> 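Sharing a structure, written as C-alpha cells. Questions coming.
Just so you know, these numbers come straight off a predicted model, no measurement behind them.
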Amino acid sequence: MSALHSIQHRVTFGECDPAGIVFYPNIYGWFDRCFHDWLAGFGGHQALCRELGAVGMGLMGSEAAFRRPMRPNDRIEIAVTARDWGRKALVLDYTVSLDGAVTATGTETRGLFIPGETGLSAGDLAPLRARLGV
C-alpha cells in the first residue's frame with residue numbers, strides 16, 4: 001500500500017525531553033500535521049468540512065509504537081496510508097522513519113462528524129472519499 005502523503009521534519013531541541021529524545025506526544029502531533037498537510041492539497045480541513053456539511057474530521061481512536069529514539073536535528077519523514085475506508089470510520093496508518101529505518105508507527109481512526117438533532121454523529125465517508133479521489 002503506497003502512502004497517500006508524506007512530510008519531512010527536522011526534530012528540534014524543544015521537541016525532546018531531558019534525556020534528549022523526542023517526547024512522545026510530539027509524535028502524535030506529527031501524525032496530525034501529516035494528515036492536515038494532506039488535506040491542504042484539497043482546500044484544507046475547514047473548507048472540506050464546510051463543503052460536506054461537517055464540523056470536523058475528528059479522532060475516534062489513536063495509538064502509537066515507539067521503536068527507536070529520535071534526537072535533535074534528526075531529519076525524519078512521516079507518511080500516512082489509508083488502511084480502511086469504512087462507512088463511518090477511516091483507519092489511517094503512519095510511519096515515521098529516519099534514514100530508512102522505522103522509528104515510530106501509529107494508527108488513527110477518524111470520523112466525519114455531522115451535526116444532528118441529538119448532537120454530533122459520525123457521517124457517511126463516501127462523499128469525503130470521492131472528494132479526495134481515493
> Is there side-chain contact between V102 and V96, with at least one heavy-atom pair below 4.5 Å?
no
> For residues 43-64, which side-chain N or O atoms pair as donor and acceptor with protein atoms under 3.5 Å away, sequence neighbours left out?
residue, atom, partner, partner atom, Å
H45, NE2, M57, N, 3.0
E51, OE1, R131, NE, 3.2
E51, OE2, R131, NE, 2.8

> With sequence neighbours excluded, tell me which residues meet ring-ring contact (aromatic ring centres under 6.0 Å, His included) with F35.
none
> Please give the remaining members of the hydrophobic cluster of I21, linking ILVMFWY side chains under 4.5 Å, ordered by chain and number.
none
> Would you say W85 and L125 make side-chain contact, with heavy atoms under 4.5 Å?
yes
> Working note: F31 + V80, criterion side chain to side chain contact (heavy atoms under 4.5 Å, CB included); need CA distance, chi angles, decisive distance, verdict.
CA-CA 8 Å; F31 296 164; V80 61; over 6 Å; no
> Side-chain contact test, heavy atoms from C-beta onward, threshold under 4.5 Å: evaluate it for M70 versus I76 and give yes or no.
yes
> Contact between F23 and E15 at the side-chain level, heavy atoms closer than 4.5 Å - yes or no?
no
> Checking E108 against V91 for the side chain to side chain contact (heavy atoms under 4.5 Å, CB included) test, could you report, in this order, the C-alpha distance in whole Å, the side-chain angles of both residues, the deciding distance, and whether it holds?
CA-CA 6 Å; E108 289 182 334; V91 179; over 6 Å; no
> Between R87 and D124 (side chain of the first, backbone of the second, donor and acceptor by atom type, cut-off under 3.5 Å), is there such a pair?
no
> Considering only distance and modelled atom types, tabulate donor-acceptor pairs under 3.5 Å from the side chains of residues 113-123, sequence neighbours left out.
none

> Would you please test L90 and T109 for side chain to side chain contact (heavy atoms under 4.5 Å, CB included) and show each step?
CA-CA 6 Å; L90 167 60; T109 302; over 6 Å; no
> If only atom types and distance count, is the side chain of D93 paired as donor or acceptor with the main-chain N or O of T81 below 3.5 Å?
no
> So does Y24 have more than 12 non-hydrogen atoms from other groups sitting under 6.0 Å from OH?
no
> For atom CZ of R129, is the number of surrounding heavy atoms from other residues, nucleotides or ligands below 6.0 Å larger than 12?
yes
> Measure the shortest side-chain to side-chain distance between L132 and W38 over non-hydrogen atoms and say whether it is less than 4.5 angstrom.
yes
> Within a strict 4.5 Å, meaning less than it, do heavy atoms of the F42 and L128 side chains meet?
no
> Nearest 0.5 Å, what's the OH-CD1 distance between Y94 and I78?
10.5 Å
> Run the side-chain hydrogen bond (donor to acceptor under 3.5 Å, both in side chains) test against N73 and tell me which residues pass, sequence neighbours left out.
R10
> CZ of R67 to OG of S97: how many Å apart, nearest 0.5 Å?
11.5 Å
> Are the side chains of L92 and R83 in touch, meaning some heavy atoms are under 4.5 Å apart?
no
> Taking salt bridge (Lys or Arg N to Asp or Glu O under 4.0 Å) as the definition, give me every residue that meets it alongside E77, ordered by chain and number, with sequence neighbours left out.
none
> Indicate yes or no: at least one non-hydrogen side-chain atom of R71 is less than 4.5 angstrom from one of V11.
no
> In terms of hydrophobic clustering (I, L, V, M, F, W, Y; side-chain heavy atoms under 4.5 Å; direct or indirect links), are F13 and I27 co-clustered?
no
> Donor-acceptor pair, distance only, cut-off 3.5 Å: does the side chain of D17 make one with the backbone of G20?
yes
> Considering only NZ, NE, NH1 and NH2 on the basic side and carboxylate oxygens on the acidic side, decide whether R110 and D32 come within less than 4.0 Å.
yes
> State the CG-OG distance between D37 and S6, to the nearest 0.5 angstrom.
9.0 Å
